[in-house]
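Worksheet for the structure shown next.
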Amino acid sequence: QVQLVESGGGLVQAGDSLRLSCAASGRTFSTYDMGWFRQAPGKEREFVAAMTFSGYNTYYADPVKGRFTISRDNAKNTVYLQMNSLKPEDTGVYYCAVSTRFTGGRMWSTEKYDYWGQGTQVTVSS
């Protein structure tokens, strides 16, 4: 079993930056693909970014391309989401997720991921 704990959310103004962190338990973090998703009030959870276990491949949703960067530090069992040029439409609860069952595949699908964090709130004011 893997436990994920997100941190770094907060209230910021449009144009500001935030860095989210997700600390994972377990010894085999470096073998897991990781993802970030978000959920706005009244909307479904949506894909934001993902990274393969090797760190060689990254994936981004179109609305965040060029503004968000996913990274990982396997020595610290942590994945990050650097968010720049934030917009009000980026507001939501951000969740990190881990895929322990297989690597690759549909990185943007919630079905790929079997463990989720509790989420951290990001609010961007205009």
Backbone N or O of [Y] within a donor-acceptor pair of the [X] side chain at under 3.5 Å?
| X | Y | answer |
| --- | --- | --- |
| S109 | R106 | no |
| K112 | G35 | no |
| T69 | Q82 | no |
| T28 | T31 | no |

(request) Flag yes if W116 and F53 sit in one hydrophobic cluster, no otherwise; membership is Ile, Leu, Val, Met, Phe, Trp, Tyr, and two members link when side-chain heavy atoms are under 4.5 Å apart. (result) no

(request) Give the cluster check for M107 versus Y80: same hydrophobic cluster or not, with ILVMFWY residues linked at side-chain heavy-atom distances below 4.5 Å. (result)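 In one cluster: no.
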
(request) Give the other cluster members for W36, using side-chain heavy-atom distances under 4.5 Å between Ile, Leu, Val, Met, Phe, Trp and Tyr residues; answer none if it is isolated. (result) V2, L4, V12, L18, L20, F29, Y32, M34, V48, M51, Y60, V64, F68, I70, V79, L81, M83, L86, Y94, V98, Y115, V122, V124

Which atom of [X] lies closest to which atom of [Y], heavy atoms considered:
| X | Y | result |
| --- | --- | --- |
| G119 | E6 | N-OE1, 2.8 Å |
| D90 | R38 | OD1-NH1, 2.9 Å |
| S126 | A14 | CA-CB, 4.4 Å |
| G8 | T120 | N-OG1, 4.3 Å |

(message) Between D114 and T100, is there a side-chain donor-acceptor contact under 3.5 Å, judged purely by atom types and distance?
(response) yes

(message) Looking only at the side chains, is there a donor atom on one of T123 and Q121 sitting less than 3.5 Å from an acceptor on the other?
(response)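 There is such a pair between these side chains.
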
(message) Can you list everything that forms a side chain to side chain contact (heavy atoms under 4.5 Å, CB included) with Q3? Sequence neighbours excluded, please.
(response) S25

(request) Carefully, step by step, assess Q39 and E46 under the rule side-chain contact (heavy atoms from CB on, under 4.5 Å). (result) CA-CA 6 Å; Q39 188 166 18; E46 66 176 6; over 6 Å; no

(message) So for atom OH, which belongs to Y56, do other residues, nucleotides or ligands contribute more than 12 heavy atoms lying within a distance under 6.0 Å?
(response)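 Result for OH/Y56: open.
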
(message) Take a 6.0 Å sphere around CZ of R101 and say whether it holds more than 12 heavy atoms from other residues, nucleotides or ligands.
(response) yes

[X] [atom1] to [Y] [atom2] distance, which is reported to the nearest 0.5 Å:
| X | Y | atom1 | atom2 | answer |
| --- | --- | --- | --- | --- |
| S30 | D73 | OG | CG | 11.0 Å |
| S7 | R19 | OG | CZ | 9.0 Å |
| S21 | R72 | OG | CZ | 14.0 Å |

(request) Examine R45 relative to Y95 and say whether NZ or CZ is less than 6.0 Å from the centre of the six-membered ring and inside a 45° cone about the ring axis. (result)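 Yes.
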
(message) Could you work out, with salt bridge (Lys or Arg N to Asp or Glu O under 4.0 Å) as the rule, every residue matching K65, not counting sequence neighbours?
(response) D62

(request) Test T103 against D33 for side chain to side chain donor-acceptor pair (under 3.5 Å), laying out the working first. (result) CA-CA 6 Å; T103 61; D33 295 343; 4.9 Å; no

